[in-house]
**Q** 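Below: one structure in structure tokens.
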There are 2 protein chains.
Amino acid sequence: MRPPLFEAVPNFSEGRDREKISRLVAAVRTVEGVRVLGVHSDRDHNRSVLTFAGEEAAVLEASIALAGACVREIDLASQTGEHPRMGSLDVLPFVPLEGATLEDAAALARKAGERIGSLGLPVYLYEAAATASHRRNLADVRRGGYEGLAARGRDPLWQPDYGPPELDPHKGAVAVGARRFLVAFNAYLDTDNIEVARAVARKVRERDGGTPGVKALGLRVGGKAQVSMNLTDLEETPLPVALEAVRSAAADHGASVESTELVGLAPLEAILQVARHYLGLRELDREHVLEAALWEER
Amino acid sequence: MRPPLFEAVPNFSEGRDREKISRLVAAVRTVEGVRVLGVHSDRDHNRSVLTFAGEEAAVLEASIALAGACVREIDLASQTGEHPRMGSLDVLPFVPLEGATLEDAAALARKAGERIGSLGLPVYLYEAAATASHRRNLADVRRGGYEGLAARGRDPLWQPDYGPPELDPHKGAVAVGARRFLVAFNAYLDTDNIEVARAVARKVRERDGGTPGVKALGLRVGGKAQVSMNLTDLEETPLPVALEAVRSAAADHGASVESTELVGLAPLEAILQVARHYLGLRELDREHVLEAALWEER
């Protein structure tokens with residue numbers, strides 16, 4: 001039995017200064033047992049998304065190290081960018097991987113929140129780590145960004161879970177949460193009509209009464225109507241179920257799915273679900289995958 | 001770049017004496033860097049199939065260690081069982097895994113063959129390692145088992161590639177070869193009529209003009225007609241192509257596929273092929289699989 005693994009996907013408010021970004025990522029890499037899986041910086045948003053993973057203690061230490069480096073390196077008061085932000089380290093979600101539950105990730109978020117609070121940053125716990133239902137949704141927590149949070153001032157509903165109640169304009173505040181692994185999955189239709197993609201997105205997304213755990217938008221990408229999805233609960237709605245919902249909704253508009261794409265990483269289990277579904281496999285676990293068997297032994 | 005990996009799937013002529021089998025497997029485990037992925041012993045056949053993997057040097061040393069242990073532990077002259085056998089260590093195929101080619105596996109088979117020959121066992125190279133076309137097919141090499149080989153005596157076409165030309169009845173001879181990874185994949189039909197399974201098997205298998213790299217038999221298993229397949233070339237014929245061939249052939253007999261099963265291990269790439277095929281993914285590589293990304297980093 002290997003120890004449970006977690007992923008952290010911090011977003012911080014620097015997407016332009018490459019040297020600064022390198023130093024921030026280096027703060028994470030110095031922690032032994034942490035593997036950096038991706039760094040994506042956006043100049044326009046002036047924001048970076050870092051993905052790293054490891055066992056609980058390593059992910060916790062790396063998160064604290066990153067928070068400290070963000071406070072040192074990023075001056076929120078002089079930061080500009082298109083993306084609304086409320087802190088130098090802006091958002092820090094923890095995601096359960098192998099052997100970990102969402103509750104484990106929420107417990108890790110609380111530990112991290114407490115330590116980050118002691119660095120002088122107000123911390124708001126969200127999603128599975130939230131301490132009140134009105135603070136579960138990240139969009140509600142960060143509404144209006146730093147300025148929105150400042151405007152809520154002494155509202156008892158919006159006091160931080162950890163850290164000082166006062167906002168320091170140079171540091172801002174951070175949202176620390178726990179959520180399930182999220183798979184970004186896009187379906188390209190055989191039409192350039194964005195309205196078809198929008199209608200399909202409305203039909204399949206949970207918000208409008210569609211499929212549980214599916215967020216969807218209709219876009220036009222590369223001259224094709226694209227249904228852009230986030231699958232937030234792969235147990236409830238695996239990839240094949242989401243795709244078949246899109247295929248069916250597209251057919252109502254005389255359209256069909258021409259191709260699909262996975263953006264970023266997907267857990268092995270999501271791929272196994274696809275094979276089980278379409279092959280009609282009685283059983284398929286990671287133990288049946290040669291590389292997994294090899295890796296387990298290491 | 002990690003070093004190439006190989007798998008060895010030795011079959012040895014002992015499937016009953018648990019302590020003896022443990023000692024034989026232990027001979028493999030003592031070699032550092034070798035991972036034992038499976039041991040399957042069959043009492044009726046009095047035969048065991050061992051699967052292990054690792055880098056070239058480790059797999060080579062473990063194979064030699066196993067051959068030596070087989071010579072010490074197994075007396076072929078007193079061995080009985082239903083499965084035709086020609087040696088104590090009977091068959092030793094090498095399979096290319098990550099980063100390795102079939103030619104690499106053939107080179108490894110020749111190295112192993114030479115060393116096993118020097119242990120006093122006549123060695124016959126087969127499949128991708130064969131030195132003559134009439135010796136490529138394992139069934140031809142082992143025809144008649146030990147007794148068949150003994151009967152061919154001094155026939156110049158059947159002299160061993162390595163080791164002494166004389167057969168020792170206590171040790172026998174061993175076939176050492178190289179082949180591609182083989183996936184065992186069975187489809188259960190919605191009928192109990194074995195004739196339908198046999199007709200489907202004839203239609204899909206390469207031998208009778210069907211799908212390349214597909215070996216198939218019609219069986220009845222658990223009261224269901226089953227098309228039992230070995231897929232020997234997943235690049236040419238991936239799982240979805242084999243399944244669709246079975247579905248189509250079954251439909252010709254008014255039958256359909258109710259469920260399927262993978263027996264043993266399948267490489268990750270075989271599963272990715274399934275996802276690419278049925279999801280219509282533009283791209284899906286191991287780099288997109290979270291666990292693979294995690295494991296690569298280790």
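Every chain is numbered from 1 and lettered A, B, ... according to where its sequence line falls, protein lines coming before strand lines.
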**Q** Please state whether the side chain, the backbone, both or neither of A:E7 comes within less than 4.5 Å of a heavy atom of chain B.
**A** side chain
**Q** Does any backbone or side-chain atom of B:R276 lie under 4.5 Å from a heavy atom of chain A? Answer side chain, backbone, both or neither.
**A** neither
**Q** Is there a donor-acceptor pair closer than 3.5 Å between any side-chain N or O of A:T260 and the backbone N or O of B:L279?
**A** yes
**Q** Hey, which of A:V183, A:T51, A:L97 is the one that makes side chain to side chain contact (heavy atoms under 4.5 Å, CB included) with B:L290?
**A** A:L97
**Q** Heavy-atom pairs under 4.5 Å with chain A - which of B:V274, B:L281, B:V257 has more of them than the others?
**A** B:L281
**Q** CG/B:L284 to CD/A:E261 distance, rounded to the nearest 0.5 angstrom?
**A** 12.0 Å
**Q** Do A:L268 and B:I271 have side chains that approach each other closer than 4.5 Å (heavy atoms only, starting at C-beta)?
**A** no
**Q** Sort B:L262 into side chain, backbone, both or neither according to what part of it lies under 4.5 angstrom from a heavy atom of chain A.
**A** both
**Q** Between B:R282 and A:Y188, is the side-chain contact (heavy atoms from CB on, under 4.5 Å) condition met? List the steps.
**A** CA-CA 10 Å; B:R282 291 176 170 196; A:Y188 291 87; 3.4 Å; yes
**Q** Let's test your reading of the structure: which of B:A270, B:A266, B:A275 forms the most heavy-atom pairs below 4.5 Å with chain A?
**A** B:A266
**Q** What distance separates A:E291 CD from B:E98 CD, expressed to the nearest 0.5 Å?
**A** 5.0 Å
**Q** Taking side chain as everything from C-beta outward and backbone as N, CA, C, O, which of these in B:Q273 sits under 4.5 Å from a heavy atom of chain A? Side chain, backbone, both or neither.
**A** neither
**Q** For each of B:R247, B:E283, B:E258, tally heavy-atom pairs with chain A at distances under 4.5 Å, and name the one with the top tally.
**A** B:R247
